[in-house]
Novice: 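Attaching a single structure in structure tokens format; questions to follow.
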Amino acid sequence: MGLDKEQQAVIDYPDSCIVVAGPGSGKTRTLVAKAEKLFEEGKDILCLTFTRAAAREMRERMPGIKAQTIHSYCHSEVGWVGNYDKMLHAFLDKGNKSAYEAVLVDEVQDLTEEELGVVLSVVGDKLFAVGDPFQSIYGWNGALGMGVFEKLSDYRVFHLRNNYRSCPSMVSWLNSIYDRKLISTGLVENGLTAILCRTNYNVWEVSSILEEGRIGYTVRVGSSELTDKKEEFHGSTTLKVMTCHCSKGLEFDNVILYKWFPEPYWGEEQNLYYVTVARASKKFCEVWSKESLLKALEAINGS
């Protein structure tokens, strides 16, 4: 699939910019296309990501490119110093930092103050940042969220509004949470259904319900975004169970949200609900009991 007009405008823009990318809008495709263009022009570039999986995906798409998480990049420069925060401080305190002609950053809304400082310290000329403040869900871990866009307010801002993942009804649901004027322009189906929970306790509760009903599933677990998530197989790979936080970045045909609605309905809780709804390409439903969960699964399997 080629680039749409919004994405192409980003690729063609010659100076530093920030891209606010809606769910399913081709954020990674745009980031990779920008990196490829700069790489082919012979620019000295560095891609910095929030997760190991994203860095690995960048390297797989473009062999030879320098793509690392911010923490692994700092580790390569100063070694391991106490903990993550101390390592970042050690890097920032270090003189004679390498400067890259262009630095590309993924999930910029998830950066902390120190991580943003690391990024800005190695920008020799241009900064290209991609993210979505409406999907900022790591404020509890120091992420700047919307604040990072305020700190980078001098840069040109582009918006990606075409959703290539979800059907019109799902995109309408997203626009009812935050009126961003997203447009459904495609549908991606992968045959997967997810049961998403707000807490690990509810993940355990759902697992028990499925075990009791002899329904196969796979549970996804992970302690933080700094570590790769792990999946435990329990009889099926098409039904996934995980927390809402663990689902970020994933896609499913159907999403069942178990025993949660954001309270209060603002700030990071609302963002997490937005992220949860955005995982679904075809159907999204909310259930509050064992019986309603089983009925929802039966309806999905029978459709």
Side-chain angles (χ1 to χ4, degrees), residues 18-25 27-28 31 48-55 69-71 84 105-116 119 129-152 159-160 163 165-166 170-171 173-180 182 194-203 219-230 240-252 255-281 284 286:
I18 303 174
V19 178
V20 179
S25 62
K27 171 181 66 70
T28 303
L31 181 66
L48 294 175
T49 67
F50 187 62
T51 67
R52 294 178 185 175
T69 65
I70 293 172
H71 292 92
Y84 282 128
V105 186
D106 189 24
E107 302 287 14
V108 66
Q109 79 280 348
D110 292 333
L111 302 188
T112 65
E113 187 89 40
E114 292 78 13
E115 289 165 347
L116 179 60
V119 170
V130 180
D132 187 359
F134 299 96
Q135 296 191 70
S136 175
I137 59 174
Y138 298 111
W140 53 270
N141 199 36
L144 290 168
M146 187 68 77
V148 77
F149 294 85
E150 296 170 0
K151 290 179 178 293
L152 301 176
H159 294 267
L160 301 182
N163 181 299
R165 175 194 304 156
S166 304
M170 288 308 312
V171 173
W173 197 323
L174 290 172
N175 283 331
S176 73
I177 302 171
Y178 289 120
D179 185 13
R180 306 176 66 186
L182 303 178
I195 304 173
L196 304 183
C197 309
R198 181 64 179 85
T199 67
N200 286 319
Y201 174 82
N202 287 138
V203 168
V219 65
R220 192 172 197 245
V221 295
S223 58
S224 77
E225 279 301 302
L226 297 176
T227 59
D228 288 337
K229 303 296 185 294
K230 296 180 180 179
K240 310 282 188 177
V241 181
M242 67 193 75
T243 64
C244 299
H245 276 92
C246 270
S247 74
K248 190 169 185 285
L250 302 181
E251 302 174 7
F252 310 97
V255 169
I256 301 171
L257 179 57
Y258 183 72
K259 283 189 176 181
W260 180 65
F261 186 80
E263 188 68 40
Y265 191 60
W266 57 270
E268 200 155 289
E269 288 293 284
Q270 186 174 356
N271 288 356
L272 183 58
Y273 184 67
Y274 187 75
V275 166
T276 303
V277 175
R279 299 310 99 209
S281 66
F284 178 85
E286 299 162 334

Novice: Quick one: does Trp260's side chain get under 4.5 Å of Leu272's, heavy atoms only?
Specialist: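 Yes, at least one pair of side-chain atoms sits under 4.5 Å.
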Novice: What residues form a side-chain hydrogen bond (donor to acceptor under 3.5 Å, both in side chains) with Gln270, not counting sequence neighbours?
Specialist: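 Not a single residue meets the side-chain hydrogen bond (donor to acceptor under 3.5 Å, both in side chains) criterion with Gln270.
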Novice: In Å and rounded to the nearest 0.5 Å, what is the CG to CD distance from Leu144 to Gln109?
Specialist: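 So the CG of Leu144 and the CD of Gln109 are separated by 10.5 Å.
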Novice: Can you name the closest pair of heavy atoms from Ser247 and Cys244 and give their distance?
Specialist: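 Smallest heavy-atom distance, with atoms named: OG-O, 2.7 Å.
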Novice: Run the side chain to side chain contact (heavy atoms under 4.5 Å, CB included) check on Ile70 and Leu111 step by step: do they pass?
Specialist: CA-CA 9 Å; Ile70 293 172; Leu111 302 188; 3.4 Å; yes
Novice: Flag the pair Phe284 / Leu257 as yes when at least one side-chain heavy-atom distance between them is below 4.5 Å, and no otherwise.
Specialist: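 Answer yes - side chains close enough.
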Novice: Between Val277 and Val255, is the side chain to side chain contact (heavy atoms under 4.5 Å, CB included) condition met? List the steps.
Specialist: CA-CA 8 Å; Val277 175; Val255 169; over 6 Å; no
Novice: Could you tell me which residues satisfy side-chain hydrogen bond (donor to acceptor under 3.5 Å, both in side chains) with Asn163, sequence neighbours excluded, listed by chain and number?
Specialist: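 Applying side-chain hydrogen bond (donor to acceptor under 3.5 Å, both in side chains) to Asn163 gives none.
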Novice: As an exercise, state the distance from CD of Gln135 to CD of Glu107, rounded to the nearest 0.5 Å.
Specialist: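 That separation rounds to 7.5 Å.
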Novice: Can you tell me how far OG of Ser281 sits from CE of Met170, rounded to the nearest 0.5 angstrom?
Specialist: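 Reported value, rounded in 0.5 Å steps: 8.5 Å.
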Novice: I'd like to check the salt bridge (Lys or Arg N to Asp or Glu O under 4.0 Å) partners of Lys259; sequence neighbours left out, ordered by chain and number.
Specialist: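 Applying salt bridge (Lys or Arg N to Asp or Glu O under 4.0 Å) to Lys259 gives Glu205.
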Novice: Applying salt bridge (Lys or Arg N to Asp or Glu O under 4.0 Å), name anything that partners Glu268, two or more places apart in sequence or on another chain.
Specialist: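 Per chain and number, Glu268 pairs via salt bridge (Lys or Arg N to Asp or Glu O under 4.0 Å) with no residue.
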Novice: Do the side chain of Ser176 and the main chain of Trp173 share a donor and acceptor less than 3.5 angstrom apart?
Specialist: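 Answer holds: yes.
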Novice: Test salt bridge (Lys or Arg N to Asp or Glu O under 4.0 Å) on Arg198 and Glu263 and set out the steps.
Specialist: CA-CA 12 Å; Arg198 181 64 179 85; Glu263 188 68 40; over 6 Å; no
Novice: Compare all side-chain heavy atoms of Cys246 with those of Val221 and state whether any distance is below 4.5 angstrom.
Specialist: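 Side chain of Cys246 against side chain of Val221, heavy atoms only: no contact under 4.5 Å found.
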Novice: With sequence neighbours left out, write down each residue that passes salt bridge (Lys or Arg N to Asp or Glu O under 4.0 Å) with Glu114, or none if nothing qualifies.
Specialist: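 Result, salt bridge (Lys or Arg N to Asp or Glu O under 4.0 Å) vs Glu114: none returned.
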Novice: Just jot down the side chain to side chain contact (heavy atoms under 4.5 Å, CB included) partners of Ala143, sequence neighbours excluded, or say none.
Specialist: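 Side chain to side chain contact (heavy atoms under 4.5 Å, CB included) check on Ala143 returns Tyr138.
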Novice: Rounded to the nearest 0.5 Å, how far does CG of Leu174 lie from CD1 of Ile177?
Specialist: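 Those atoms lie 5.5 Å apart.
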Novice: Taking it one step at a time, do Arg220 and Leu250 satisfy side chain to side chain contact (heavy atoms under 4.5 Å, CB included)?
Specialist: CA-CA 11 Å; Arg220 192 172 197 245; Leu250 302 181; 3.4 Å; yes
Novice: Ignoring hydrogens and angles, tell me if any N or O in the side chain of Arg165 forms a donor-acceptor pair with the backbone of Arg279 under 3.5 Å.
Specialist: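 Here the side-chain-to-backbone pair does not exist.
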Novice: Please enumerate all residues that pass side-chain hydrogen bond (donor to acceptor under 3.5 Å, both in side chains) together with Thr28, with sequence neighbours excluded.
Specialist: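 With neighbours one apart ignored, the set is empty.
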Novice: Could you work out, with side chain to side chain contact (heavy atoms under 4.5 Å, CB included) as the rule, every residue matching Asn175, not counting sequence neighbours?
Specialist: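 Val171, Arg180, Leu182.
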Novice: Holding to salt bridge (Lys or Arg N to Asp or Glu O under 4.0 Å), I want the full list of residues that pass it with Glu113, two or more places apart in sequence or in another chain.
Specialist: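 Salt bridge (Lys or Arg N to Asp or Glu O under 4.0 Å) list for Glu113, sorted by chain: Lys151.
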Novice: Taking only residues two or more places apart in sequence, or in another chain, which ones meet Phe261 in a ring pair (Phe, Tyr, Trp, His ring centres under 6.0 Å)?
Specialist: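 If we apply the ring pair (Phe, Tyr, Trp, His ring centres under 6.0 Å) test to Phe261, skipping adjacent residues, the hits are Tyr265, Tyr273.
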Novice: Hey, is the main chain of Ile137 close enough, under 3.5 Å, to the side chain of His245 for a donor-acceptor pair?
Specialist: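 Yes; judged by distance alone, with no hydrogens or angles, the pair exists.
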Novice: Roughly how far, to the nearest 0.5 Å, is the CG atom of Asp106 from the CG atom of Leu48?
Specialist: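 Leu48 atom CG to Asp106 atom CG measures 10.0 Å (nearest 0.5 Å).
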Novice: Thr69: what forms a side-chain hydrogen bond (donor to acceptor under 3.5 Å, both in side chains) with it, not counting sequence neighbours?
Specialist: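 With neighbours one apart ignored, the set is Ser72.
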Novice: Over all heavy atoms of both residues, which pair between Thr51 and Thr49 is shortest? Give the atoms and the distance, please.
Specialist: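 Nearest heavy atoms, Thr51 then Thr49: O-OG1, 2.9 Å.
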Novice: Hey, does Asn200 have a side-chain heavy atom less than 4.5 Å from the side chain of Thr243?
Specialist: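 A side-chain contact under 4.5 Å exists here.
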Novice: With heavy-atom distances below 4.5 Å as the criterion, would you say the side chains of Ile18 and Phe149 are in contact?
Specialist: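 The answer is yes; the side chains approach within 4.5 Å.
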Novice: Among residues at least two apart in sequence or on other chains, which ones pass ring pair (Phe, Tyr, Trp, His ring centres under 6.0 Å) with Tyr274?
Specialist: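 Scan of Tyr274 (ring pair (Phe, Tyr, Trp, His ring centres under 6.0 Å), adjacent residues dropped) gives Tyr178.
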Novice: Does any non-hydrogen side-chain atom of Leu160 lie less than 4.5 Å from one of Val19?
Specialist: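 With C-beta onward as the side chain, the pair touches.
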Novice: Is Lys248 close to Asp110 at the side-chain level, that is, under 4.5 Å between some pair of heavy atoms?
Specialist: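 With C-beta onward as the side chain, the pair touches.
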Novice: Side-chain contact test, heavy atoms from C-beta onward, threshold under 4.5 Å: evaluate it for Val241 versus Leu196 and give yes or no.
Specialist: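 In short, these two side chains do not touch, never coming nearer than 4.5 Å.
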Novice: Passes side chain to side chain contact (heavy atoms under 4.5 Å, CB included), Val203 versus Val219? Steps please.
Specialist: CA-CA 8 Å; Val203 168; Val219 65; 3.6 Å; yes
Novice: Please check this pair: side chain of Ser166 against backbone of Gly24, looking for a donor-acceptor N/O pair closer than 3.5 Å.
Specialist: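 Flag not set: sc Ser166 to bb Gly24 has no pair under 3.5 Å.
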